[in-house]
Structure formats: structure tokens, C-alpha cells
There are 2 protein chains.
Amino acid sequence: MNPKKRVTIYDIARKLNLTASSVSRALSNNKNVNENTRQLILKTAAEMKYKPNTLASNLRKGKSQTIGVVVPRINQNFFSNVIAGIEAVTYQRGYNLVICQSNELHDKEVQCINTLINQHVDCIVISVSAEGSDYTHLQNVIDHHIQLIQFDRVADNLETLKVINANEQASMEAVLHMVGQGYKRIALLEGPQNLHVFRERKAGYLNALKTSGLPVIDELIVANAKTKELGTEAVRKLLSLPNPPDAIFASRDDFSALGVLEVATAIGIKVPDELGICGYSNEDFTSITSPSITTIDQYSMEMGKTIANSYFDQMDNKMGNSSNVNKTISIKPKLIIRTSTQK
Amino acid sequence: MNPKKRVTIYDIARKLNLTASSVSRALSNNKNVNENTRQLILKTAAEMKYKPNTLASNLRKGKSQTIGVVVPRINQNFFSNVIAGIEAVTYQRGYNLVICQSNELHDKEVQCINTLINQHVDCIVISVSAEGSDYTHLQNVIDHHIQLIQFDRVADNLETLKVINANEQASMEAVLHMVGQGYKRIALLEGPQNLHVFRERKAGYLNALKTSGLPVIDELIVANAKTKELGTEAVRKLLSLPNPPDAIFASRDDFSALGVLEVATAIGIKVPDELGICGYSNEDFTSITSPSITTIDQYSMEMGKTIANSYFDQMDNKMGNSSNVNKTISIKPKLIIRTSTQK
DNA sequence: CTGAAAGCGCTTACAG
DNA sequence: CTGAAAGCGCTTACAG
């Protein structure tokens, strides 16, 4: 094998006294090739260890059979599961995945998006970073006629396909469950309120209180802490209130729920008897703590599959009609009741 | 903006009465452009919302500034951390990551590799699947002059860059620690022995016994179970032996260690007093079980960074010399001693 | 069914 | 410093 150059379609053509046209046709399963010729070409290509140059093919065809994915963090359970779900579907269709992580930084997110546009990806799937509310880079994607799909954390005002969790509904269900268990002063640990997801979870909480005829107590609603230390501090303060909560809905995630559990245990507050705890996202560890933690499963893998499928559905029946569908697919998360909320 | 076509270098040239050559030079920071011309071009490009076509550029340059990554599972802590580490470094250099998962299937792994070769990636990073020992697809990568880097699970006989954990050393340390705690009948739960990683961990176990003058007891070495159920069954059998082990090194991973803990607790065997348990990989949950589980941290994020850096090091000082370095970088994992092994 | 030719959008020797 | 031209490897109307 020549150390520098790869075998091309021309090399095969030359060897067989044919033209590149025919070789290309045979290789791409075009019907207009004599069956014998095709077999010969296929055989020769294999012998010569021919590998098509996707770059050239994509350039010519004007599409890349590639989907770009931008997430805040690749190594975060929820996101890596979504990615795995996307991959499972796209792989079947012969699509590739280019993955970027924004690290929750707006600037990096913008750069990722630009790279993906330059790469001529056919579709960009994104869960926006916590930072910033300027979405011109996403508008840019749309302007370049690249299908944009948002998931989980979405920018509301952009008209794109959106795949989200029914956060409000699930949160409401969780809080109602706690009310049903007899908890009356239920506190909320909010996630960052610039994100839709967390605003919805808060809405669900408020709604559940309202439905149950319970008052909304301001001092029981605690803003999300930036660091683990600050979070611990906030929980400690909350539990030391003259009139402390008898339950906490850690709406951000299970890690904050775990933080609550640790603080409670340290102070000597009994869970679930004196304090109920509910987390969010069904991390593996929630089933093995003692007590095990009630939480909400987001069906992350499913979500990934839904995202990919919705892209292909779009493709398949896009008969020249409007390319940017503004449709929201909502996945209903599942409340998983464990010991931490069962009085 | 024209609904179909993007702005190209020619569009800019036409607008400014220049040629594509100059525009290309200005955009790529080539020195041979008049400073004023460059500024004008840059300004115009921005105004016209020009986005370079990476596909065309890469085709012309014969490289893609892309690194392909193949792992058994994207959504597995260790791998997603390694990927995050790789990304952190490659991003700085303006490289993209194409991610595939083999699902531990040899055939899918082969397909992933072929796709990456076709994509003209500059480098392929792989941790091989558990299945199969035929590595012709990897040889293929080398034959196509694509830099191949193996990590964690590596095919020994291929001459490539390898980044691995010092599994044997770490395992030995773990078992010696258990011996030091007074455990005398230490069992081993093996990982699949067709993989180097797990053979090494076993070697470390055997070595530790030898060093400590403890006998190797065949019935205490249990093969890796395919499913969770079979694993539970195997552990139950192990613990019901007439002469049961007083410690178990779950060398496969923390999940199998957790399985042991669950079975032991269910049977009523006290950990760590009656049974010591050590896992592998320092999953988040190991610090919060009760008792917390002794384990081994693999520095997965670090590993990813090391992989990416070793690629660039290679690139940077490859002055036409041998392209396939057969070098192994070993990362020393860290034994994390927790309650489950402290008598 | 097969071939000749143009073109996807860029880059880069080669002249001047 | 700028331009004209060729070419990266493929695909696809257009003829025949």
C-alpha cells in the first residue's frame, strides 16, 4: 500500500478500464450498472481495500450525515444517557455524532455551535448552558437551515423542535405525594431559575401546595447554592429555623437531596420520620442510600431516542414544507417512591 | 439570506472585486495579504455571515482535525469521564470529537472503525469491546496511517500508543491492604479474562497473596457473571461455602462490590467485621453506602487528558520519523480506603 | 448501461 | 502582495 495516498474511485476505474462514474454508481448501489460490472467493481474495491472518502462525498452532496450534540457536560449521567439514546438510533441510520460540551459556559457554547455549522452537520441537538440568555447563536443555526432540536433545557422563544420532560407535572406529583404522607411544611431547594426546567419544577411545587390548600412560606424556598459547601450551609440554616420544614423537595437533583440527607443525619434529624426528602433524576445511588431516596426518573435514554426519531420523522415527511417545526414533545417522568418520604 | 446556498469565499471575492485566493489567504491568516485588504475581507465576511465550509477545507488539506473515539458504552461513568477529559484538551486545539459506542459488540466496533476511517479522522482512540479477539480492523486503522491510541482495555500485540491504568499494581495494593487488616481468606470476583485489564487485576491479586504467604484457594476465585442475577447467585454460593471467604475483592467494578454488599446484608453477614469488601473504579455511590466501600480511583478524567496530550505530543515532534509509536503510558490508580475493609 | 464533464468550496504551488 | 489554475475525491445531470 502506498504510504501516502489512499485508493480512490479512480484507481479502481483505471484498474478495470472503466470510468469513475461507473465505479461510483456501483459503489452507491445505483441501479444503472450492469450486474456483472457491479460485482467486479465491488470485488476489486474490496481487494484494493478501498475506503470511500466521506469528506468528498459529503461536500459533493451538500450534507454530512452528521448530527452535532452540545451538552453542558458529557460526563453527567443524564446527558451521557441521552447521548447514548441518540446514538442508538442515529447509528442505525448511518449517521455520525459529533459531541461537544459547553461546560455551562455561554462562550464555549457559541464556539461549539459555530464549529458544528462549519462542519455542515445536518442537525444540531442542544441542551443550553445555565449561563446566559442570548440565543443569537441558535438563531444562527436556524438561519443556516440546519435543523435545531432543543431538549431538557430549552430556550422558549425559539421556534424549534423541543423534547422536554413534563417537569411541572412530575414535580407536582412528587409534592402531592409528600403531602399525602402527612408532610405539611415542605421546603423547596430550587435549581437556577434562569433555566426553564427549574422554573417548571418550582411551578409544580407551588401548584401542589395550592391544590392541597397549604400556604406558600417564603423562608422555605431556598435558592440554589453555587457550591457544595454553600448548599450544606443553606440546608443547615433551613433545618435550624425556629419553625423548620418537615420535608424538602430537592428539585435540582439527587445530589442536592443527598446533601440534605447527610446534613439531616449529621444533625440527628430522622429521615423520613422527622424529615421527608425527595430528589430529582434517579441517580444510581438513590436506591442504595439509607434510607433510599424518593426521586423522579427522567427516562434519559428514552429521551435521546425520541430526539433522534423526531429528527428522522421530520426528514422523512419534509416534502418541501416549512423546515423549522415548532413542536414540543413532552416526556412524562416517573415518580419513584422510596423510603425517604414514607412516614 | 438565500434560502438554499451559503455564502462562499467566491461570494466575498465577487463583492470586493478580488479573487478567491486572496479571500482564502486573508481568512486563514496567511501573511501574504495587504493589511488593509485583509481587514476589508474580514469585515465583509462577517457582514455576509460567512461560515467556512470545513468539509471542503478538510478535503483539500487531506485531514479533518477530527478525532474518533470508540468506547463500549458512552453512558458509563469511566468512559464518559475519559471522553470529557479528551474533549477538554482537543477543544483547545480546535479539534472535533466523533464519538461511537460499540456496545461491547465486535461487529459494531468494526463498523464504527470503518466509519471513522471513511471520515478521514486524524486519530482514533479506542477501548476495545469485551467481545472478540480479532483485531484486523485495528490493523486496518494503522494501515491507513491514522494514529491509533488504545486505552484501558488494549490489544497487547498491536504496536500503538497505549494509555492504561497500572491495574496490577493497584489491585495488589488493595489486596495487601486487606491482608493488613487481618483478612485471610480473600476471594476474587474476576472480570472477563479475555481482557487485559482484568487479567492484570487478577495477577495483582495472586501476587499479593503470594507476597503475603497466603495460599491461592481455587474455590475462592469466581468467574465473572453475565447478569446481575447470576452475579447475586454466585456471591450467595460463595458466602455459603463450608469455609467461606472473610473478604471479597470485586475486581470488575463497584457495581459487583455493591452486589456483594447487598447479598451480605441480606444474609446477615456483617461488613466489614465478618466480611471485607473492595470494589474498583470509585463510582460516586461508593462513598455513601453504609458501610462506605473501599475502592480504586482510576483517574478517568486525567486519563482522557493524557490520551489527547499524547496525541498532540506525537504530532508536534513527528519530524517524519516512525508514525506508529509503540509506547505505553501507565497511570497509577489510587486506593481509596473506606469503611468496608476496616476491621 | 456507460462515459465525459462539471462542480461541491476550499487551498496552494506557480507566476508575476 | 495578487491572480489564474489545478486539484482534493466524489456525484450527478446530460448524452449516447
Side-chain angles (χ1 to χ4, degrees), chain A residues 2 4-42 44-45 48-66 115 117-122 144-145, chain B residues 2 4-42 44-45 48-66 115 117-122 144-145:
Chain A
N2 184 310
K4 286 278 95 175
K5 292 188 53 56
R6 293 194 186 184
V7 176
T8 73
I9 248 178
Y10 277 89
D11 298 325
I12 300 173
R14 203 173 305 124
K15 185 160 211 163
L16 297 176
N17 265 321
L18 288 167
T19 59
S21 319
S22 295
V23 176
S24 173
R25 278 189 282 257
L27 258 22
S28 59
N29 289 319
N30 184 308
K31 54 229 40 212
N32 294 328
V33 193
N34 177 297
E35 191 49 33
N36 292 332
T37 318
R38 144 170 297 122
Q39 292 306 335
L40 181 61
I41 290 172
L42 260 31
T44 312
M48 296 175 78
K49 296 200 174 184
Y50 169 74
K51 299 274 173 188
N53 185 330
T54 316
L55 252 36
S57 165
N58 290 342
L59 172 61
R60 180 55 229 256
K61 293 198 277 197
K63 57 193 198 58
S64 63
Q65 296 254 109
T66 295
T115 310
I117 293 177
N118 297 352
Q119 291 248 105
H120 273 239
V121 296
D122 298 338
H144 279 85
H145 312 98
Chain B
N2 184 307
K4 285 278 91 175
K5 290 188 54 57
R6 292 196 187 184
V7 176
T8 73
I9 248 177
Y10 276 89
D11 298 323
I12 301 174
R14 204 173 305 123
K15 183 160 213 165
L16 297 176
N17 265 321
L18 287 167
T19 59
S21 318
S22 295
V23 176
S24 173
R25 278 189 282 256
L27 257 22
S28 60
N29 289 318
N30 185 306
K31 54 229 39 215
N32 293 328
V33 193
N34 178 297
E35 192 49 33
N36 292 332
T37 319
R38 143 169 299 121
Q39 293 306 335
L40 181 61
I41 290 171
L42 259 32
T44 313
M48 298 176 77
K49 297 202 173 184
Y50 168 74
K51 299 275 173 189
N53 184 330
T54 315
L55 251 36
S57 166
N58 289 342
L59 172 61
R60 180 54 230 257
K61 293 199 277 197
K63 58 194 196 57
S64 62
Q65 296 255 108
T66 295
T115 311
I117 293 178
N118 297 353
Q119 291 249 104
H120 273 240
V121 296
D122 297 337
H144 279 85
H145 311 97

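Every value quoted in this text rests on a predicted model; they were computed, and no experiment measured them. A, B, ... follow the sequence lines: proteins, then strands. Residue 1 opens every chain.
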Results of side chain to side chain contact (heavy atoms under 4.5 Å, CB included) for A/Thr37 - residues two or more places apart only: A/Leu18, A/Val33, A/Asn34, A/Ile41
Provide, to the nearest angstrom, the distance between the [atom1] atom belonging to [X] and the [atom2] atom belonging to [N].
{"X": "B/Gln119", "N": "D/dC8", "atom1": "CD", "atom2": "P", "value": "21 Å"}
{"X": "A/Asn58", "N": "C/dG7", "atom1": "CG", "atom2": "C1'", "value": "16 Å"}
{"X": "A/Lys61", "N": "D/dT12", "atom1": "NZ", "atom2": "P", "value": "6 Å"}
{"X": "B/Lys51", "N": "C/dC8", "atom1": "NZ", "atom2": "P", "value": "21 Å"}
{"X": "B/Asn53", "N": "D/dC10", "atom1": "CG", "atom2": "P", "value": "17 Å"}
{"X": "A/Leu59", "N": "D/dC8", "atom1": "CG", "atom2": "P", "value": "14 Å"}

Sugar-phosphate, base or nothing in reach of A/Ser24, heavy atoms under 4.0 Å: base
Distance, nearest 0.5 Å, that separates CG of B/Asn58 from CD of A/Gln119: 7.0 Å
Within residues 9-24 of chain A or reaching into it, pairs that qualify as salt bridge (charged side-chain N to carboxylate O under 4.0 Å, His left out) - sequence neighbours excluded: A/Asp11-A/Arg14
Residues B/Asn36, B/Leu40; criterion side chain to side chain contact (heavy atoms under 4.5 Å, CB included); working and verdict: CA-CA 6 Å; B/Asn36 292 332; B/Leu40 181 61; over 6 Å; no
5'-most by nearest nucleotide on DNA chain D - B/Ala20 or A/Ala20: B/Ala20
Donor-acceptor contact below 3.5 Å, side chain B/Thr66 vs main chain B/Val121: no
A/Asn53: side chain to side chain donor-acceptor pair (under 3.5 Å) partners, not counting sequence neighbours: B/His120
Which residues share a salt bridge (Lys or Arg N to Asp or Glu O under 4.0 Å) with A/Arg38, sequence neighbours left out: A/Glu35
Taking distance alone, no hydrogens or angles, what donor-acceptor pairs closer than 3.5 Å link side-chain atoms of residues 20-28 of chain A to residues at least two apart or in another chain?
from	atom 1	to	atom 2	distance (Å)
A/Ser28	OG	A/Ser24	O	2.9
A/Ser28	OG	A/Arg25	O	3.4

Non-hydrogen atoms of A/Asp122 and A/Ser64 that approach each other most closely: OD1-N, 3.1 Å
Nearest heavy-atom neighbours spanning A/Tyr50 and A/Val7: CD1-O, 3.3 Å
Strand DNA chain C in bracket notation, Watson-Crick/G-U under 3.5 Å with | for pairs to another chain: |||.||||||||.|||
Neighbours of DNA chain C within residues 8-16 of chain B, by heavy-atom distance under 4.0 Å: B/Thr8, B/Ile9, B/Tyr10
What protein N or O atoms touch nucleotides 1-3 of chain D N or O atoms at under 3.5 angstrom, if any, and at what distances?
from	atom 1	to	atom 2	distance (Å)
D/dT2	OP1	B/Thr37	OG1	3.1
D/dT2	OP2	B/Asn34	N	3.0
D/dT2	OP2	B/Thr37	OG1	3.4
D/dG3	OP2	B/Thr19	N	3.3
D/dG3	OP2	B/Thr19	OG1	3.2
D/dG3	OP2	B/Ser22	OG	3.1
D/dG3	N7	B/Arg25	NH2	2.8
D/dG3	O6	B/Arg25	NH1	3.2

Evaluation steps, side chain to side chain contact (heavy atoms under 4.5 Å, CB included), between A/Ile117 and B/Arg6: CA-CA 11 Å; A/Ile117 293 177; B/Arg6 292 196 187 184; 3.7 Å; yes
